[in-house]
2 protein chains.
Amino acid sequence: MPRGHCRGQWWWRGRVYGCGYRLTAGREAILGLLSTSKEHMSAEDIYMKIHTAYSNVGLTTVYRTLELLSDLGMICKLDFGDGRARYELAEGVQGVRHHHHLVCTGCNRVVEYTDFIDKEVELLKETEKGLEEKYHFKITGHVIQFSGLCDRCSCK
Amino acid sequence: MPRGHCRGQWWWRGRVYGCGYRLTAGREAILGLLSTSKEHMSAEDIYMKIHTAYSNVGLTTVYRTLELLSDLGMICKLDFGDGRARYELAEGVQGVRHHHHLVCTGCNRVVEYTDFIDKEVELLKETEKGLEEKYHFKITGHVIQFSGLCDRCSCK
DNA sequence: ATTAGTAATGGAAACCATTTTCAATAAGGA
DNA sequence: TCCTTATTGAAAATGGTTTCCATTACTAAT
Ligand SMILES: [Mn+2]
Ligand SMILES: [Mn+2]
Ligand SMILES: [Zn+2]
Ligand SMILES: [Zn+2]
């Protein structure tokens, strides 16, 4: 992990410190990993990758950090139906594009799509507003996911 | 559970038998429960309710039946983020209205909304079609869920 | 009705992602 | 430095879900 001079890491630092938490080596490593990887990683995936460089960071800390960052709104917890949670940087963080997911129920492959997103987002905003007023909810997030069979899986 | 003359149960029977499975007492009980209840029940919820009338139906069978019915597309498996799966009758089955969910991350309360649905469904269909063509997926379902804090939970 | 083959079942045990406990350590402020 | 609090890792516990396995219920011939 490069030493902390790029924009991203300062953003993290401010955000984490601003909420009264410390940016420890483990937390920094996890944020660094999530920001450079394009995959949707599980806690254990992250633990494994982190472990080579930071062999002192335990799985428990990974779980704790993921929960913290999730609470701070810096990352998103995703469920693709395979029994383990996946994580990705939240949109709005260093140029993460708004996107949704297409999940194969056969092989658990996940496709991120950014097409059609503009209309979706527009409608989502509208809906969100309507729901907030009608049900007195303070809406903080949404999930849009399509599920089905990928080409490989539908051929058998 | 009323004896099997109403439309619903015949629909089940046809559907289940049509796929080469039997409509056993346990399966019938679970379908009956899901079709009369408006809640989103977990496997254990279902087991508890079934158990009073059908004390011989075990939790394992409940799980198995839920998986089967889910595979047959007769029910939907939902995840509201509280660590246990919930189930509801799939849309299109005996007048189940198309609806989406609004989940409180504070108390796990779930609101079903049917407002705004028309536009959503229209856009979903469009998007689905586009995605199927572009990514060669055979799309079978979608999830739209908003999360946030309900009025009670946002006041503290 | 008997038989044989298969589907379905329940209870116990296993599984496994996540959480909790707890004692140790690190960091920061007075 | 001393004190308070935040953070940590290892091990154990938790709890929803699956798997095993021996038994039972169906079904379709014979
Ligand atoms: Mn993604
Ligand atoms: Mn519902
Ligand atoms: Zn696939
Ligand atoms: Zn609430």
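Sequence lines set the chain letters: A, B, ... in the order given, protein chains first and strands last, and positions in each chain run from 1. Predicted, not measured: the structure shown is a model, and the values here were computed from it.
- With sequence neighbours excluded, the residues that form a side-chain contact (heavy atoms from CB on, under 4.5 Å) with B:Tyr47 are B:His51, B:Leu59, B:Val62.
- One can place CG of A:Leu59 at 10 Å from P of C:dA17, the figure rounded to the nearest angstrom.
- Taking atom CG on B:Asn56 and atom P on C:dG11, their separation rounds to 9 Å, with Å as the unit.
- Atom CD1 of A:Ile30 is separated from atom C1' of D:dT8 by 12 Å (rounded to the nearest Å).
- By the salt bridge (charged side-chain N to carboxylate O under 4.0 Å, His left out) test, A:Glu44 pairs with no residue at all, sequence neighbours left out.
- Checked against C:dG11, D:dT8, C:dT9, the side chain of A:Arg27 finds its nearest nucleotide in D:dT8.
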Protein and nucleotides 12-15 of chain D: nitrogen or oxygen contacts under 3.5 angstrom:
none

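- Applying the salt bridge (charged side-chain N to carboxylate O under 4.0 Å, His left out) rule to A:Lys77 yields no partners; only residues at least two apart in sequence or on another chain are considered.
- Rounded to an integer number of Å, the gap from B:Glu28 CD to D:dC26 P is 12 Å.
- For the salt bridge (charged side-chain N to carboxylate O under 4.0 Å, His left out) condition, the pairs that include at least one residue of residues 97-114 of chain B, sequence neighbours left out, are B:Arg109-B:Asp151.
- Straight-line distance from the CD atom of A:Glu44 to the P atom of C:dC16: 11 Å, rounded to whole Å.
- Listed by chain and residue number, A:Ile139, A:His142, B:Phe146 satisfy the side-chain contact (heavy atoms from CB on, under 4.5 Å) test with A:Glu128 (two or more places apart in sequence, or in another chain).
- Side-chain contact, B:Gln145 with B:His100: no donor N or O sits under 3.5 Å from an acceptor N or O.
- Sequence neighbours left out, the pairs with a member in residues 30-40 of chain A that pass salt bridge (charged side-chain N to carboxylate O under 4.0 Å, His left out) are A:Glu39-A:Lys49.
- Atom CZ in A:Arg86 sits roughly 12 Å away from atom C1' in C:dA17 (whole-Å rounding).
- For B:Tyr17, the side-chain contact (heavy atoms from CB on, under 4.5 Å) criterion is met by B:Arg13, B:Leu23, not counting sequence neighbours.
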Expected rows: protein N/O vs nucleotides 25-30 of chain C N/O, under 3.5 Å:
from, atom 1, to, atom 2, distance (Å)
C:dA27, O4', A:Arg22, NH1, 3.4

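- Among the nucleotides D:dT7, C:dG11, C:dT18, the one closest to the side chain of B:Thr60 is C:dG11.
- Straight-line distance from the OH atom of B:Tyr21 to the P atom of C:dT6: 16 Å, rounded to whole Å.
- Rounding to whole angstrom units, CG of residue A:Asp45 and C1' of C:dT18 are separated by 15 Å.
- Partners of A:Leu78 by side-chain contact (heavy atoms from CB on, under 4.5 Å), not counting sequence neighbours, listed by chain and number: A:His40, A:Cys76, A:Phe80, A:Arg86, A:Glu88, A:His101.
- Contact check, A:Thr24 against D:dT8: a side-chain N or O comes under 4.0 Å of OP1 or OP2.
- Within residues 63-79 of chain A, the residues having any heavy atom under 4.0 Å from DNA chain C are, by residue number, A:Tyr63, A:Arg64.
- Cluster note: A:Val143 groups with no other residue, as no ILVMFWY side-chain heavy atom lies under 4.5 Å from it.
- Cluster membership for A:Phe116 and B:Phe116, using ILVMFWY side-chain heavy atoms within less than 4.5 angstrom, is shared.
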